[in-house]
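First comes the structure, then the notes that go with it.
Nothing fancy with the numbering, it's 1 onward along the sequence.
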Amino acid sequence: MNKPRALAMWCLCGVLQTATAQNLGDLLDLVKGTSQDEETAMGRQIAGSLLGAAPLMPDRALQDYVNQVGRWVASQGERPELTWHFGVIASDDVNALSMPGGHVYLTGGLYRLLKSEAELAGVLGHEIAHVVRRHHLKLLQQGKVVDLGSRLFAKQAGENETVKKLIGSGAEVMARALDKQAEFEADRMGVVLAARAGYDAFGLPDVLQKIGRYGTDDGAVALLFKTHPAPGERLDQLAAAMGDRFDAVKGVSLAERLYRLPAK
């Protein structure tokens, strides 16, 4: 697995770093009492590690646009006080990822699938929901960490000692998928956030349909399929949750406003 892909898997599922039994205990104690400042510092360090290996696409207009849409959608949620950061990573994989503290990224491969701003809002809404509901922190609170018995590297990054214990820049990590219920909740909440922001509520289901057309052996979606329920299952859950509740909600798709990437 190449370095950017490994880091994408790491951040998508929440970074789970383990070393000695003592460090594992420190990690669990820290997460149980994670303050917003610690959560923000944690996310900032994880994002820095990710972007150091898999940088953003060098298109300032694109990044500004995605941040504008993302912050508007995030403002509809329960944690508008967070300083939200959004971006598109230079990768052909089809994926999106979030991390504690308000960092949300999607890959260039996923962005190229989008046909409207409503679809972008739906994708970002799903990842925003993970942050709002603190799904990755809850995963750690539940003790779902594997002790790899791995060595700690001598040098660790960060300005906060407790956060350094959790994330050490050289520590080995293991990705763990969030459980299905967390993903289903993020889908439901992502639809609601996008609709509150004025977008067509069916943007996220439309994207899931597109992803579902990929074969399970397609390398572009291998990580997404490994760490998420199948798109068909997610669509079934969304259909049951949405019913006809959004039929009368006249959101906009804004296909003409979607920032277009140059043809490859």
Side-chain angles (χ1 to χ4, degrees), residues 7-16 31 34 36 38-47 49-51 66-67 69-89 93-107 110-111 119-142 144-145 166-167 173-197 203-205 207-208 211 223-231 233-235 237-238 241:
L7 279 167
M9 177 184 285
W10 165 22
C11 293
L12 175 65
C13 302
V15 176
L16 306 181
V31 173
T34 302
Q36 183 169 303
E38 288 171 328
E39 181 185 355
T40 299
M42 198 183 302
R44 182 167 58 245
Q45 290 189 53
I46 298 169
S49 296
L50 168 72
L51 297 178
V66 171
N67 270 277
V69 174
R71 287 170 182 168
W72 172 238
V73 176
S75 72
Q76 312 303 315
E78 301 163 19
R79 304 187 69 188
E81 78 284 354
L82 290 178
T83 302
W84 291 88
H85 302 274
F86 300 85
V88 182
I89 293 170
D93 284 359
V94 175
N95 218 334
L97 48 108
S98 57
M99 53 209 71
H103 294 264
V104 173
Y105 301 97
L106 66 158
T107 61
L110 177 53
Y111 189 87
E119 291 184 356
L120 173 63
V123 169
L124 296 179
H126 173 96
E127 299 302 331
I128 289 166
H130 280 314
V131 177
V132 170
R133 295 297 192 213
R134 296 178 172 88
H135 283 153
H136 299 116
L137 293 179
K138 289 177 182 177
L139 186 70
L140 294 175
Q141 287 173 346
Q142 293 163 7
K144 294 183 179 178
V145 183
L166 180 63
I167 300 175
V173 298
M174 181 174 184
R176 282 291 185 91
L178 294 169
D179 64 44
K180 286 185 176 183
Q181 294 309 312
E183 295 297 348
F184 295 150
E185 181 182 28
D187 282 341
R188 294 192 301 270
M189 186 173 176
V191 166
V192 171
L193 291 175
R196 283 180 185 170
L204 178 59
V207 175
L208 291 175
I211 295 172
L223 286 176
L224 185 65
F225 283 7
K226 185 174 183 178
T227 56
H228 287 70
E233 188 177 3
R234 294 171 66 183
L235 283 167
Q237 290 285 328
L238 265 180

>> Run the side chain to side chain contact (heavy atoms under 4.5 Å, CB included) test against Gln76 and tell me which residues pass, sequence neighbours left out.
In response: Trp72, Leu193, Arg196, Ala197

> Can you name the side-chain hydrogen bond (donor to acceptor under 3.5 Å, both in side chains) partners of Glu233, sequence neighbours left out?
Replying inline: Lys180

>> Pair Thr40, Thr83 - check side-chain contact (heavy atoms from CB on, under 4.5 Å), show working.
In response: CA-CA 9 Å; Thr40 299; Thr83 302; over 6 Å; no

>> Using side-chain contact (heavy atoms from CB on, under 4.5 Å), reason through Asp187 and Gln237 one step at a time and then give a plain yes or no.
In response: CA-CA 9 Å; Asp187 282 341; Gln237 290 285 328; over 6 Å; no

> Who are the salt bridge (Lys or Arg N to Asp or Glu O under 4.0 Å) partners of Arg71, not counting sequence neighbours?
Replying inline: none

> With a 4.5 Å heavy-atom cut-off, do Ser98 and Ile128 have their side chains touching?
Replying inline: no

> How close do Arg234 and Pro229 get, heavy atom to heavy atom, and via which atoms?
Replying inline: CD-O, 3.5 Å

>> Between Leu120 and Val73, is the side-chain contact (heavy atoms from CB on, under 4.5 Å) condition met? List the steps.
In response: CA-CA 10 Å; Leu120 173 63; Val73 176; over 6 Å; no

>> Working to the nearest 0.5 angstrom, can you tell me the gap between His103 NE2 and Glu127 CD?
In response: 14.0 Å

>> Checking Val207 against Leu110 for the side-chain contact (heavy atoms from CB on, under 4.5 Å) test, could you report, in this order, the C-alpha distance in whole Å, the side-chain angles of both residues, the deciding distance, and whether it holds?
In response: CA-CA 9 Å; Val207 175; Leu110 177 53; 4.1 Å; yes

>> For Leu204 versus His126, what's the shortest heavy-atom pair and its separation?
In response: CD2-CB, 4.4 Å

>> I want to check something: taking the side chain as every heavy atom from C-beta on, are His85 and Met99 in contact at a cut-off of under 4.5 Å?
In response: no

> Taking all atoms of both residues into account, what is the closest heavy-atom pair of Leu51 and Tyr105, and its distance?
Replying inline: CD1-OH, 3.7 Å

> With no hydrogens and no angle check, do the side chains of His130 and Glu185 hold a donor and an acceptor under 3.5 Å apart?
Replying inline: no

> Name the one of Leu124, Asn95, Ile89 that satisfies side chain to side chain contact (heavy atoms under 4.5 Å, CB included) with Leu106?
Replying inline: Leu124

>> I need the minimum non-hydrogen distance between Val131 and Gly102, along with the two atoms involved.
In response: CG1-N, 3.6 Å

